[in-house]
Protein chains: 2
Amino acid sequence: MNKNASAVPPEKDEVIYAHLHAAICDSKLLPGTRLPEDTLSASFGVSRTVVRKVLQRLACEGLVAMRPNRGAQVAEPSVNEARDIFATRRILECGALAEMQNPIPAAKLESLRALVEAEDAAQMSGNRVDAIRLSGEFHIELAALTGNLVLTEMVAKLVARSSLIIATYGSPIAVVCRHSEHEQIIDLLARSDAAGAAAWMQEHLLTIERGLRWEHPASDLQEVLRGVMANARGGKAD
Amino acid sequence: MNKNASAVPPEKDEVIYAHLHAAICDSKLLPGTRLPEDTLSASFGVSRTVVRKVLQRLACEGLVAMRPNRGAQVAEPSVNEARDIFATRRILECGALAEMQNPIPAAKLESLRALVEAEDAAQMSGNRVDAIRLSGEFHIELAALTGNLVLTEMVAKLVARSSLIIATYGSPIAVVCRHSEHEQIIDLLARSDAAGAAAWMQEHLLTIERGLRWEHPASDLQEVLRGVMANARGGKAD
DNA sequence: ACACCATAAATTGTATACAAAACTTAGGCG
DNA sequence: CGCCTAAGTTTTGTATACAATTTATGGTGT
């Protein structure tokens with residue numbers, strides 16, 4: 001459906017975009033990682049022109065921060081930004097669920113259940129990266145049930161940025177959604193209890209948010225240390 | 001606050017972006033208008049590199065459609081996309097209003113009233129472009145009351161795309177919000193009746209949507225004619 | 001006269017070169 | 001000993017050249 005036809009060239013920039021997007025969302029590129037154009041263009045075997053195009057797209061989605069004359073780096077969501085993102089997700093995703101009055105096709109519910117099962121399996125086998133990715137896909141597919149492409153794309157972008165938040169503020173344990181909560185939402189939808197599903201989603205997203213550690217963000221530590229080193233000049237910098 | 005400091009260069013691409021954005025939202029560039037890179041770069045006195053950067057940003061926001069090897073043109077929102085955009089606005093903007101529990105500072109309410117007044121004045125004097133723009137600004141400022149920057153930016157992008165929808169499907173009369181409805185929302189907020197404001201906003205957005213003419217979109221006409229000409233080859237094409 | 005094909009013009013895709021800015025490192029001064 | 005300054009290096013910003021693709025044009029055959 002979203003794949004190219006047979007004879008169409010593979011769209012180099014799309015491939016690079018997908019690679020970088022995945023690398024960021026899967027925490028292979030941690031927040032704050034610098035993304036020099038030369039390095040990327042050499043790695044992917046293209047010119048800086050193509051790399052810049054991809055970086056600008058990622059910047060537009062909030063996954064990459066670009067400062068003039070200072071290059072690109074993986075975005076480091078601030079605490080305020082993180083809270084805003086989750087607040088917006090609550091409004092959007094709950095609103096989407098609340099609007100689903102028509103009975104959901106059984107096939108769609110089934111594929112959602114399969115997604116939750118895969119997520120559960122990944123979590124059980126300790127595959128944290130897959131678990132987070134599948135959890136995100138669940139939220140996106142849920143939004144897609146509305147048939148509203150604009151809304152679905154917005155949720156997808158917020159989910160991607162949430163991966164950055166988890167990478168920055170997530171505690172090693174219990175960051176991912178408990179699969180049972182996802183299952184509960186499907187059950188409520190199967191019962192056509194849209195309001196119930198929305199209410200449950202509200203709690204679910206709040207639960208995720210509460211599981212984050214706003215106090216000890218990993219990357220702020222570096223900034224703090226740098227500030228300490230700059231201030232306490234009498235101390236040993238080495 | 002958001003302006004550059006004194007000695008900082010004016011950021012050429014930002015200026016070009018602002019110009020194009022305004023031209024599209026003010027319907028100076030109608031949906032479907034082709035945007036050749038050469039023409040733009042000549043007009044603005046920069047190279048295609050800068051123009052492409054701006055076009056990609058506009059494409060990311062949905063104001064411009066870029067097809068591979070086929071260039072950019074002002075986006076022509078389909079009926080489905082238009083409905084999705086308004087549905088998403090209902091969820092986002094009503095959700096934003098519903099979450100405002102704290103009493104709104106009087107100063108902010110005052111500046112909102114000023115905005116409505118300016119919009120009213122523009123409409124009364126037949127200045128349709130200003131009226132639409134000020135109406136959009138009202139919706140954006142309303143979202144900004146949440147303090148949620150992520151949400152505000154999303155609303156701003158949806159409002160911009162709504163300008164395209166109005167340009168495509170808007171009837172010559174009665175496309176803009178009745179200013180009294182905007183005033184009513186402010187009154188409800190002043191009374192701290194968040195739920196009431198949200199309900200009113202829901203109706204308000206539905207009213208706008210109902211005022212559009214989905215039957216006779218101006219630019220679909222060309223497509224229809226093209227299809228007719230291609231099919232009825234025996235008929236008179238001239 | 002219409003459809004079809006070849007050629008020409010226009011437009012986009014990509015790479016590269018050079019200029020400008022920021023970062024790094026080494027040296028001198030207080 | 002630390003800070004400030006300055007050349008050198010790295011990295012980004014922009015323009016331009018060339019290749020690839022699409023679109024427009026004109027000619028030819030039926």
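Note that the structure is a prediction, hence the values are computed from the model and not measured.
- Atom-to-atom, CD of B/Gln73 to C1' of D/dT22 comes out at 14 Å; the value is rounded to the nearest Å.
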Distances for protein N/O vs nucleotides 11-18 of chain D N/O pairs under 3.5 angstrom?
unit_1, atom_1, unit_2, atom_2, d
D/dT12, OP2, A/Glu37, N, 3.0
D/dG13, OP1, A/Asn69, N, 3.0
D/dG13, OP2, A/Arg52, NH1, 2.6
D/dG13, OP2, A/Arg52, NH2, 2.9
D/dG13, N7, A/Arg48, NH2, 2.9
D/dG13, O6, A/Arg48, NH1, 3.1
D/dA15, OP2, B/Ser47, N, 2.7
D/dA15, OP2, B/Ser47, OG, 2.6
D/dA15, N7, B/Thr49, OG1, 2.7

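- For the pair A/Phe138 and A/Arg133, the minimum side-chain heavy-atom distance is 4.5 Å or more.
- Judged as a salt bridge (charged side-chain N to carboxylate O under 4.0 Å, His left out), the pairs with a partner in residues 148-169 of chain B (not counting sequence neighbours) are, in order, B/Glu81-B/Arg161.
- B/Arg52 pairs by the side-chain contact (heavy atoms from CB on, under 4.5 Å) definition with A/Lys53, B/Glu37, B/Arg48, B/Gln56, not counting sequence neighbours.
- Of the possible donor and acceptor atoms, one in the side chain of B/Tyr169 sits under 3.5 Å from a partner among the backbone N and O of B/Val79.
- One can place CD of A/Glu11 at 11 Å from C1' of C/dG13, the figure rounded to the nearest angstrom.
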Name each donor-acceptor pair under 3.5 Å that joins a side chain in residues 85-96 of chain B to protein atoms two or more places apart or in another chain, with its distance.
unit_1, atom_1, unit_2, atom_2, d
B/Thr88, OG1, A/Asn148, ND2, 3.2
B/Thr88, OG1, B/Asp84, O, 2.7
B/Arg89, NE, B/Glu93, OE2, 2.6
B/Arg89, NH1, B/Ser162, OG, 2.9
B/Arg89, NH2, B/Glu93, OE2, 3.0
B/Arg89, NH2, B/His139, ND1, 3.2
B/Arg90, NH1, B/Glu209, OE1, 2.7
B/Glu93, OE1, B/His139, ND1, 2.8

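- The side-chain contact (heavy atoms from CB on, under 4.5 Å) test applied to A/Thr49 returns A/Ser47, not counting sequence neighbours.
- Atom CD1 of B/Ile166 and atom OG of B/Ser135 lie 7.0 Å apart (nearest 0.5 Å).
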Polar-atom pairs under 3.5 Å, protein N or O versus N or O of nucleotides 8-10 of chain C: list them with distances, or write none.
none

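- When side chains are defined from C-beta on, B/Val46 counts as touching B/Val51, because their heavy atoms get closer than 4.5 Å.
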